[in-house]
Amino acid sequence: MSRNYEDDEEVEYEEEDFTPTIPARTAFRRFWPLTRGLRRWLILVWLCTVVAALAETEAILVFSDLTDNALQKGSLAAFWGPAVKWLGVAVLGAIVAYAGNSLAAWITERFVMRLREHVFDHVQQLPPHFFQRHRQGDLLSRLTSDVDAIETMVVSGLVGAASAAFSALFYAAAAFWLRWDLAAATFVLAPLFWLAARRFSGSIKDVSREGRVADGAITSVVEESLGNIVLTQAYDRRDAERRRLHEEATAWFRASVRSTRLNEAYEQLVAVIETVCVLAVIGIGAWEISTGRMTLGQLLAFAAFLGYLYPPVRGLAQLGLTVTAATAGAERLIEILDVEPSVTDPRHGTETGRPDGTVELRGVTFAYPGADTTALQNLSFTVNPGELVIVTGPSGAGKSTVSKLLLRFYDPDAGEVFLDGVPLRDFPLARLREYVTLLPQETLVLHDTVRANIACGRPGASDQAIEEAARAADAHDFIVRLPEGYDTRVDPNSARLSGGQLQRLAIARAILRDAPVLVLDEPTTGLDAMAARRVVKPLRRLMTGRTTIMITHDLNLAPDADRILVVDRGRIVETGRHEELLARGGAYARLHRSQNSAVMDTGELRMPLFVEQPAPQPVYAYEGYESYGAGQTPSYTYEAYQQYGHDGHDQYAYAQQAPAPVTTVPTTLPDGRPLFRDEEPWPGI
Ligand SMILES: Nc1ncnc2c1ncn2[C@@H]1O[C@H](COP(=O)(O)OP(=O)(O)OP(=O)(O)O)[C@@H](O)[C@H]1O
């Protein structure tokens, strides 16, 4: 997750969240390359800044001239010349400042766009476990507000620093030219600004970091809570969710108030320092005027210079603080940018043309990054073109991991995965994912029209091809019944489509993609029996003529499979055809039997589905006694079933009922195995 920074740039790692603490210089250098192509415009902005500063300097000098020649002497004739000059300079300054600021905004927004796309592009290549380990809300906040922070550091910071530095330089030069002694007195006090900024910078960076983390946490809580709204409402978790938000919001509140307090304290301190400087100048000026070495016009012009000089000097110091605060955002982005994608495109990818679809795993061992145990252990199997192989086994056995390796979300730690004899890592990634299509467990829907959702299988597909794919997936009929047919918009939380319909959309997408190899991850999980049955036919159509690896607990399609691989703890423990494996009476047979007797395969919830059918409820019943006397117990029960006779009167049929059965909790399954036990998840292996 981290990266080596140069020795002179000390990088500390915070214990809590491992976000590296990075000096502003390093962060700046890291993002500076993204200004490529914008730099010449930056130079133009600087030039504008220089001209604008020069114009302002000239204006102040004209002001001094006006004071001494027009105001003090009361001469209107001496007014016109300098006035026209001042106006000219002001108009020039305004035009240049407008051009410079507009250009600066253009550069800034370009940079932000570029940076956001760069980070987004990087994030999209990251492996699945990255997203499991990072909260989505936090990632969102990094991609939005933290990106803006970098802009403050790299572009605005740079333009602002240059502009402030040039302005300060010109005003300082003009001040020295006017009265070097007064200027020197002023500059003696200038380091006070720098000291003040330095005093505050550490605290401001800390508080900015806290603010950014809290910002990410708030977005996460809101995002998670809205994503889980059904759970929140069904279990009345509103208070708990509110508390969660309150906790994060309190952290944000504290950071934000502290940040304002620090900035405000800094501002006020600087205002006091400025007053000290102005008083020093006025004091020296009064003494100089009293000795006749200075005119009032000169003093006023000098004071005006100070008015102009302080903002850029203060701006420079303030900029230091802004950049420091922005570094906190940079750290959070750099943390993401330093995460390497788990797989990369080969330098010289192999171009094989459309493969036949022979898939081979040879001695594959794999552990998820950071995991203690291996998910797959020396796994080997081959699937020939057009074959259907089912991979089954208990939960956590490593089945989905196989699919992740087949799509090359990860590379194996040992061994190799081949497609038509070529290692997957030799295929360009885009090509590989064109050849191997995944139908994942959760149906993935784009926030777009039904047509676009199918077409994303093959961008540019004709409407006719899309419709054919939808027909083959048995989706056409329900699509045309939607309000706007193929142009109906759907989204991931769409209530418009049922689980089975969404799955058929996904099948249509896969049919359109027309890849030689298919990986189906639990294609019927989450669907009820009817919906599952409805996707079987389209699934069969999809699988025809393609190498299919189906990962599933549902063994209804097992008799169709050319081979079944039973996986447990990352190893293949049984392999063969359905009948062979059933006849062998091993792990698969047990799995199959447990499924057919509707027993969960985890062993933890081995509850039989057979339950005693309750007797039909009588409308009313009364107990009858052979003889009616005190202390006697009923010997049988009459139940009266209400029937309606032809004449409209109730008729009652009486039946003698056997004594109520004694209810006992079963301790064994129908096949004699114990119902409750302490054991490994699945007994078959
Ligand atoms: N991102 C991850 N990081 C670390 N370990 C993981 C990760 N994903 C899965 N595992 C572990 O790898 C093992 C295999 O997981 P996998 O998802 O392949 O199982 P599975 O057989 O598909 O299970 P299920 O049938 O429940 O989907 C499990 O022990 C799981 O805990």
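In this chain, residues are counted from 1 in sequence order.
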Closest non-hydrogen atom pair between Phe31 and Ala330, with its separation = CE1-CB, 4.0 Å
Non-hydrogen atoms of Leu376 and Gly398 that approach each other most closely = CD2-O, 3.5 Å
key: Pro127 side chain reached by Tyr368 side chain, heavy atoms, under 4.5 Å   = no
query = Any salt bridge between Arg212 and Asp215, counting N to O under 4.0 Å?
reply = no
message = To the closest 0.5 Å, what do you measure between CZ (Arg540) and OG1 (Thr548)?
response = 12.0 Å
key: Leu424 CG to Leu429 CG distance, which is reported to the nearest 0.5 Å   = 9.5 Å
ask   = Any side-chain heavy atom of Leu518 sitting closer than 4.5 Å to one from Leu439?
value = no
request  = Might you point out which heavy atoms bring Pro412 and Val417 nearest each other, and give the distance in Å?
outcome  = CG-CG2, 4.1 Å
ask   = So, Thr437 versus Arg546: side-chain donor-acceptor pair below 3.5 Å or not?
value = no
request  = Determine yes or no for a side-chain-to-main-chain donor-acceptor pair under 3.5 angstrom, with Gln503 supplying the side chain and Pro523 the backbone.
outcome  = yes
key: Spacing of OG1 belonging to Thr374 relative to CG belonging to Asp413, to within rounding of 0.5 Å   = 9.0 Å
request  = Decide salt bridge (Lys or Arg N to Asp or Glu O under 4.0 Å) for Glu241 and Arg244; before the verdict, give the C-alpha distance in whole Å, the side-chain angles of both, and the deciding distance to 0.1 Å.
outcome  = CA-CA 5 Å; Glu241 292 298 315; Arg244 232 153 64 87; 3.5 Å; yes
query = Charged N to carboxylate O below 4.0 Å: is that the case for Arg243 and Glu247?
reply = no
inquiry  = Among residues at least two apart in sequence or on other chains, which ones pass ring pair (Phe, Tyr, Trp, His ring centres under 6.0 Å) with Tyr486?
reply    = His476
key: Interatomic spacing from OG1 in Thr260 to CD in Glu267 - rounded to 0.5 Å   = 11.5 Å
request  = May I ask you to test the Leu407-Arg433 pair for a side-chain heavy-atom distance under 4.5 Å?
outcome  = yes
ask   = Going by heavy atoms in the side chains, are His553 and Lys399 under 4.5 Å from each other?
value = yes
request  = Walk me through it: do Leu405 and Leu379 pass the test side chain to side chain contact (heavy atoms under 4.5 Å, CB included)?
outcome  = CA-CA 12 Å; Leu405 294 186; Leu379 201 75; over 6 Å; no
message = Between Val119 and Arg142, does the side chain to side chain contact (heavy atoms under 4.5 Å, CB included) criterion hold? Intermediate values first, please.
response = CA-CA 9 Å; Val119 183; Arg142 291 184 196 220; over 6 Å; no
Residue pair Asp487 / Thr449: nearest heavy atoms and the distance that separates them = O-CG2, 3.5 Å
inquiry  = Taking salt bridge (Lys or Arg N to Asp or Glu O under 4.0 Å) as the cut-off, I'd like each qualifying pair that reaches into residues 113-130, sequence neighbours left out, listed once.
reply    = Arg116-Asp148
ask   = Is any side-chain heavy atom of Phe200 closer than 4.5 Å to a side-chain heavy atom of Asn263?
value = no
key: Results of side chain to side chain contact (heavy atoms under 4.5 Å, CB included) for Asp463 - residues two or more places apart only   = Arg451, Ile466
key: Lys/Arg N to Asp/Glu carboxylate O, Arg261 vs Glu264, below 4.0 Å   = no
task = Please confirm whether the backbone N or O of Arg513 pairs with a side-chain atom of Arg458, one donor and one acceptor, at under 3.5 Å?
result = yes
message = Using a 3.5 Å distance criterion without hydrogens, assess whether the side chain of Ser403 forms a donor-acceptor pair with backbone atoms of Ser400.
response = yes
ask   = What orientation do Tyr410 and Phe366 show, parallel under 30°, tilted 30 to 60°, or perpendicular over 60°?
value = tilted
request  = For side chain to side chain contact (heavy atoms under 4.5 Å, CB included), just list the numbers for Ile334 and Glu331, CA-CA rounded to whole Å, side-chain angles, deciding distance to a tenth of an Å, and then say yes or no.
outcome  = CA-CA 5 Å; Ile334 287 176; Glu331 289 166 356; 5.8 Å; no
query = Are Arg504 and Asp477 within salt-bridge range, i.e. N to O under 4.0 Å?
reply = no
remark   = Distance col, row Asp448:CG vs Thr488:OG1, nearest 0.5 angstrom, shows 11.5 Å
ask   = Between Thr35 and Leu38, is there a donor-acceptor pair closer than 3.5 Å when you use the side chain of the first and the backbone of the second?
value = no
ask   = Distance-only, no hydrogens or angles: does the Ser259 side chain make a donor-acceptor pair with backbone N or O of Ala255 under 3.5 Å?
value = no
ask   = Do you know which two heavy atoms are closest between Leu406 and Val436, and how far apart they sit?
value = O-CG1, 4.0 Å
ask   = Heavy atoms, side chains only, cut-off 4.5 Å: are Leu337 and His118 in contact?
value = yes
query = Can you find a heavy atom in the side chain of Arg135 that is under 4.5 Å from one in the side chain of Glu224?
reply = yes
Phe253 CZ: over 12 foreign heavy atoms closer than 6.0 Å = no
inquiry  = Restricting to non-hydrogen atoms, name the atom on Ala508 and the atom on Ala473 that form the minimum distance, rounded to 0.1 Å.
reply    = N-CB, 3.5 Å
query = Any salt bridge between Asp138 and Arg332, counting N to O under 4.0 Å?
reply = yes
Residue pair Val402, Val519: steps toward the side chain to side chain contact (heavy atoms under 4.5 Å, CB included) verdict = CA-CA 9 Å; Val402 172; Val519 180; over 6 Å; no
message = Do Phe478 and Val450 make a side-chain contact, defined as non-hydrogen atoms from C-beta onward lying under 4.5 Å apart?
response = no
request  = Starting at OG1 of Thr344, measure out to CZ of Arg408 and round the result to the nearest 0.5 Å.
outcome  = 6.0 Å
